[in-house]
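Written below as structure tokens is the structure these notes are about.
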There are 2 protein chains.
Amino acid sequence: MEYSIGQAAKKMGLTVHTLRYYDKEGLLPFVKKSASGLRVFSEEDIDWLVIIECLKGTGMHLKDIKQYIDWCREGDATLGKRLEMFKRQKAKIEEQMAQLQRHMEKINYKIAYYTEAVAFGSIDILKRNRCLAAEKERIFGPLKK
Amino acid sequence: MEYSIGQAAKKMGLTVHTLRYYDKEGLLPFVKKSASGLRVFSEEDIDWLVIIECLKGTGMHLKDIKQYIDWCREGDATLGKRLEMFKRQKAKIEEQMAQLQRHMEKINYKIAYYTEAVAFGSIDILKRNRCLAAEKERIFGPLKK
DNA sequence: ATAACAATTAGAGTTAACTCTAAGTCAAGA
DNA sequence: TCTTGACTTAGAGTTAACTCTAATTGTTAT
């Protein structure tokens, strides 16, 4: 199966502008052109886009994604670099997950706080709520004087 | 305990420039000034910064964070809006976690792929590896012709 | 064949979130 | 007192990643 730039964009949830921008930045050196100069995306090219989205979605910059793509084009000599790159990215994702978990605790505290506040129609009464205070200290850290 | 802008920046892992930028954008309306015009961050102000970092770190834009801070200043009438905001943010975090998990599967496939490739010194042999191919189809989706 | 629509390029413009500079003020130690 | 270093403001500059425009060419349905 082959795709025009518009079909590829739709499939990936990107705009044609973005795909052309990626191409200009050297992220799509594998995409072929038809006789009349139109980009033709193969099923394999879609896999490349999926990996680009994956790396971008885990915080890698386009220039570093390009580095990876350049390594791929250099052949087997760069296999080790590519493996190390993915291992580093995995560690980054694990840290992101841990960070998200910590953020989630704070958000959950706020939801508990505001649920109480909405029930009472005011935050004043919460200032003497020992349960929420203990929870806050656990999540936000102890107070310093 | 009170902090100068430099101490607050250090504590939060931000620069003084960033804190002043946040202030300029209306994110720190609670920070007081000393007689000579220096910003003085209280322990409570640090809690505000922690929440700002939490919302920013889960993808909220500064202008939406400002909206939340403005609601806080409007008083109890906005409690419901604030609760709904945190609930939406919680849903967003859950989606981010699911997304990260999906990205992680792809990265794990790549690590398995490149670990094999490095062991053989080449990617050629992998093209007949049915185990990796099945794994790829499971994670990247079935091929279309 | 002609209208409507999708594609091409080069290059300008936008947005968010900083990041820094200039010119100056303030506070503490030798 | 003098120096050092942290602070102040207004405002300019930077960066990444788009996002769009203009002018043009190619493709497809009736």
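Here is how names work: the chains are called A, B, and so on, in the same order as the sequence lines, proteins then strands, and each is numbered from 1.
- Inspection of the B:E84 and A:Y114 side chains reveals no N or O donor paired with an N or O acceptor under 3.5 Å.
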- request: Determine, step by step, whether B:L19 and B:F41 satisfy the side chain to side chain contact (heavy atoms under 4.5 Å, CB included) criterion, reporting the C-alpha distance in whole Å, the side-chain angles of both residues, the deciding distance to 0.1 Å, and the verdict.
  value: CA-CA 11 Å; B:L19 286 180; B:F41 289 75; 4.2 Å; yes
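- Residues B:I52 and B:I65 come closest through the heavy atom pair O-CD1, 3.8 Å.
- Atom NZ of A:K92 sits in a crowded spot, with more than 12 heavy atoms from other residues, nucleotides or ligands closer than 6.0 Å.
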message: Working note: B:D45 + B:K32, criterion salt bridge (charged side-chain N to carboxylate O under 4.0 Å, His left out); need CA distance, chi angles, decisive distance, verdict.
response: CA-CA 9 Å; B:D45 296 344; B:K32 298 283 177 292; over 6 Å; no
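- Think of the region where chain A sits on DNA chain C: with heavy atoms and a 4.0 Å cut, that region ends 5' and 3' at C:dA7 to C:dG11.
- The cationic atom of A:K110 (NZ for Lys, CZ for Arg) lies less than 6.0 Å from the six-membered ring centre of A:Y113 and within 45° of the ring axis.
- A close approach under 4.0 Å does not occur between any side-chain nitrogen or oxygen of B:R20 and OP1 or OP2 of D:dT9.
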- request: Let me see the working for B:K33 and B:V40 under side chain to side chain contact (heavy atoms under 4.5 Å, CB included), right down to the final yes or no.
  value: CA-CA 6 Å; B:K33 298 272 187 95; B:V40 179; over 6 Å; no
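- Remark: B:E94 CD to A:L100 CG distance equals 11.0 Å, nearest 0.5 Å.
- If you check residues 60-71 of chain B against DNA chain C, the residues with a heavy atom closer than 4.0 Å are B:H61, B:L62, B:K63, listed by number.
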Donor-acceptor contacts, no H, no angles, side chain residues 116-127 of chain B, under 3.5 Å, sequence neighbours left out:
residue	atom	partner	partner atom	Å
B:S122	OG	A:D76	OD2	3.2
B:S122	OG	B:D124	N	3.0

task: Please step through side chain to side chain contact (heavy atoms under 4.5 Å, CB included) for the pair A:F140 and B:I51, ending with a clear verdict.
output: CA-CA 9 Å; A:F140 286 75; B:I51 276 296; 3.8 Å; yes
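- Considering only side-chain N and O atoms, B:S36 lies nowhere under 4.0 angstrom from the phosphate OP1 or OP2 of D:dT8.
- Near DNA chain C, meaning a heavy atom under 4.0 Å away, the residues from residues 21-28 of chain B are B:Y21, B:Y22.
- In this structure, A:Y68 and A:F86 have perpendicular ring planes: the angle between them is above 60°, well past the 30° mark.
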Which atom pairs, one a donor and one an acceptor, fall under 3.5 Å between side chains of residues 8-15 of chain B and the rest of the protein, sequence neighbours left out?
residue	atom	partner	partner atom	Å
B:T15	OG1	B:H17	N	3.4
B:T15	OG1	B:T18	N	3.0
B:T15	OG1	B:T18	OG1	2.9

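- Taken residue by residue, residues 9-17 of chain B places heavy atoms nearer than 4.0 Å to DNA chain C at B:H17.
- Remark: B:R39 is in phosphate contact with D:dT9, judged by side-chain N or O atoms under 4.0 Å from OP1 or OP2.
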field: Worked verdict on B:M97 versus A:Q101 for side chain to side chain contact (heavy atoms under 4.5 Å, CB included)
entry: CA-CA 9 Å; B:M97 283 173 162; A:Q101 203 57 61; 3.1 Å; yes
